[in-house]
Amino acid sequence: MNYSDLSALLFPHITKTPQDYFKQYPPRALPEGAKVTRFAPSPTGFLHIGGLFAALISERMAHQSGGVFMLRIEDTDKKREVQDGVSGIIEGLYAFGIIPDEGFVAQDKQVGAYGTYLQSERAEIYQAFAKDLVNKGLAYPCFCSEQEIASIRQQQELNKELPGYYGEYAHCRNLSFEEIEQNIKQGKPYVLRLKSPGSADKRISFKDGIRGTIEMPENIVDVVLLKTDGIPTYHFAHAVDDTLMRTTHVIRGDEWISSVPIHLQLFACMGLKPPKYAHIAPIMKEENGGKRKISKRKDPEASVTYYSEQGYPKQGVIEYLLNLANSNFEDFRRQNPKASWQDFKLQMNKMSVSGCLFDLVKLHDICKNVIASWTAEQVCDAAMEWAKTYDPELYALMHKDPAYATTLFSFDRNPDKPRKDIGKWSEVRDTFSYMFTPLFKPVYELPEQISRDDMKRIAERYAQMFVPGQDKNLWFDTVKDLAQEMGFAREVKQYKKDPDAYKGHVGDISSVIRVAVTGRMKSPDLHGILNALGKDEVVRRIHQFTEEI
RNA sequence: GGCUCUAUCGUCUAAUGGUUAGGACACCGCCCUCUCAAGGCGGCAAUAGGGGUUCAAAUCCCCUUAGAGUCACCA
């Protein structure tokens with residue numbers, strides 16, 4: 001068979017060759033050791049937490065090495081595509097600060113000299129490479145119908161043989177030029193298959209950046225390169241795109257490991273050097289005592305939008321992910337409390353090989369620490385930004401008086417022992433609702449050891465005594481004075497020494513004031529709260545308290 | 001089922017043939033304290049099972065078991 005006749009028959013309109021494209025997309029001028037990586041999702045819905053994880057690793061590997069990080073969209077499966085899928089991914093990435101250098105930077109905006117980064121716009125490129133393979137006798141058209149493929153499969157299952165289109169099962173491998181020509185003239189649909197040079201008894205091995213050396217049987221299946229519509233399969237697109245985009249490191253989910261023999265063979269057939277691979281274990285979820293891959297359908301926390309909605313600070317989410325990737329991130333953070341997470345040197349070979357369970361509790365803890373390390377202004381800004389979209393009522397209240405809102409976050413926020421009570425912005429409303437008069441709808445929790453009469457007397461007396469703006473120690477002295485006046489001990493220790501001599505102690509006085517003003521038995525620094533609320537509001541709340549209990 | 005990978009506290013993991021098997025989260029106790037949060041101190045808690053190799057095994061080898069991934073004109 002004359003293969004150039006065949007390639008002309010199959011691709012009459014393709015004039016460019018792979019060489020033309022190599023010229024168009026020359027090697028990148030990057031320093032030695034710079035890694036070129038990409039995140040290449042298909043736009044089938046919102047960004048998955050596993051996708052963010054993979055993107056983060058790729059971004060780190062590129063930027064740590066002075067390389068380039070690309071966002072390529074793999075939209076070769078039009079059936080599964082979802083509207084706005086691209087913007088969902090970009091927004092998800094941007095929301096967590098993962099910014100590509102090349103590829104898509106907005107729904108309809110691409111940057112970079114190695115594009116287009118949208119696979120559906122690259123059809124001609126793939127076909128040029130396909131034509132070249134046909135020319136070399138390494139690819140052929142296959143006219144088998146779905147039913148024929150299915151029956152081959154059935155037969156193979158019956159014989160307990162490797163399923164797939166290969167060897168003697170690959171009928172269309174042996175079609176003559178005339179047969180092919182006739183089929184084409186009749187308009188019979190076909191796919192283009194690789195004429196796999198592999199043999200069943202040979203094995204290949206490759207070095208995975210995360211897993212080390214992996215050995216596998218060589219690929220022998222004549223995999224589909226171009227689908228009926230002329231659009232490539234993932235495998236072929238990967239080989240062509242990552243070659244032309246000069247990707248050095250392909251970092252992807254470990255569901256791809258078993259396809260590596262196909263990929264390596266494709267590169268070999270095209271005479272190309274394959275990139276280095278690193279396969280990331282999936283993020284898992286616990287279910288009925290077992291582990292399973294976290295699922296878009298079943299698990300709300302699978303979508304990165306969940307973390308935005310809940311208001312986990314993006315730094316916290318990223319740091320949690322980095323912690324999953326390299327557990328020594330924790331040590332780094334402890335030693336460098338102020339450093340940016342980007343200063344951490346992520347190491348691929350330290351990544352876990354088996355999938356880990358996603359732990360929302362640990363995430364929450366990390367977020368608490370992250371928030372605790374910020375200034376009140378930073379916390380307030382971030383909380384407000386969240387509230388803007390997810391809690392408009394709270395936003396309006398904070399926005400009305402930003403200085404007041406900032407004050408709330410400064411309670412107990414001293415640098416040595418910062419308060420750690422908020423892990424995500426959705427907790428702000430409940431934590432501080434009593435600080436906003438419109439949200440203050442008290443259901444008083446009362447201290448049991450104090451009589452109602454005493455509570456009223458304490459509260460009313462305090463309303464008279466309260467002087468805003470006092471120094472904290474001075475203020476507490478007045479509370480102690482009140483304790484004494486009411487027959488309570490000035491000090492807890494004093495009370496414990498001789499409980500029968502007092503009605504209670506200064507802590508009980510604080511409790512009454514606290515409950516009157518916040519409706520709760522627990523709160524941050526009472527002194528701060530009273531001063532923030534101001535005399536009028538404190539007095540008003542105390543009156544409300546004495547009337548309602 | 002074939003192929004591939006994996007197995008250390010409940011969870012995330014450290015320990016590259018010699019450690020009282022370390023840390024973090026969670027949980028429990030104590031201390032500090034006007035409540036809470038935090039903090040300090042302590043506790044609970046693991047090498048899946050069985051065989052080898054070795055003076056010595058969580059670590060190397062084999063088997064078993066369990067889990068994960070994959071076997072599409074999906075990525």
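Protein chains get the first letters and strands the later ones, always in sequence-line order, with residue 1 at the start of each.
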Colleague: If a protein heavy atom is under 4.0 Å from the base, mark B; if only from the sugar-phosphate, S; if neither, -; do that for nucleotides 69-75 of chain B going 5' to 3'.
Modeller: SSSSBBB
Colleague: Nearest nucleotide by nearest heavy atom, which residue falls closer to the 5' end of RNA chain B, A/Ile422 or A/Thr213?
Modeller: A/Thr213
Colleague: Measure from the side chain of A/Lys420, starting at C-beta and using heavy atoms only, and say which of B/C12, B/A37, B/A14 lies closest.
Modeller: B/A37
Colleague: Quick check for you: among B/U4, B/C36, B/C34, whose closest atom lies nearest to any side-chain atom of A/Pro217?
Modeller: B/U4
Colleague: Using a cut-off of 4.0 Å on non-hydrogen atoms, how would the nucleic acid contact of A/Lys160 be classed: base, sugar-phosphate, or nothing?
Modeller: nothing
Colleague: Working to the nearest 0.5 angstrom, can you tell me the gap between A/Ile280 CD1 and A/Leu56 CG?
Modeller: 9.0 Å
Colleague: I want to verify a distance call: between B/C34, B/A26, B/C3, whose nearest atom is closest to the A/Asp365 side chain?
Modeller: B/A26
Colleague: Assess A/Arg72 against A/Phe39: is NZ or CZ under 6.0 Å from the centre of the six-membered ring, and within 45 degrees of the ring's axis?
Modeller: no
Colleague: Do any of residues 476-497 of chain A sit with a heavy atom less than 4.0 Å from RNA chain B, and if so which?
Modeller: A/Phe476, A/Val492
Colleague: For atom P, what is the distance between B/U59 and B/G17, given to the nearest Å?
Modeller: 12 Å
Colleague: Heavy atoms only, 4.0 Å cut-off, all strands: where does A/Met521 land among base, sugar-phosphate and nothing?
Modeller: base
Colleague: Counting side-chain heavy atoms from C-beta on, which of B/C5, B/U35, B/U13 comes nearest to A/Ser352?
Modeller: B/U13
Colleague: In this structure, is the centre-to-centre distance between the rings of A/Phe358 and A/Tyr320 below 6.0 Å?
Modeller: yes
Colleague: Check for me whether the distance between the ring centres of A/Tyr190 and A/Phe143 falls short of 6.0 Å.
Modeller: yes
Colleague: Counting the atoms with a prime plus P, OP1 and OP2 as sugar-phosphate, which does A/Glu161 contact under 4.0 Å by heavy atoms, base, sugar-phosphate, or nothing?
Modeller: nothing
Colleague: Looking only at side-chain atoms of A/Lys362, point me to the closest of B/C25, B/C34, B/A37.
Modeller: B/C25
Colleague: Taking atom C1' in both B/A24 and B/A46, what distance in whole Å separates the two?
Modeller: 15 Å
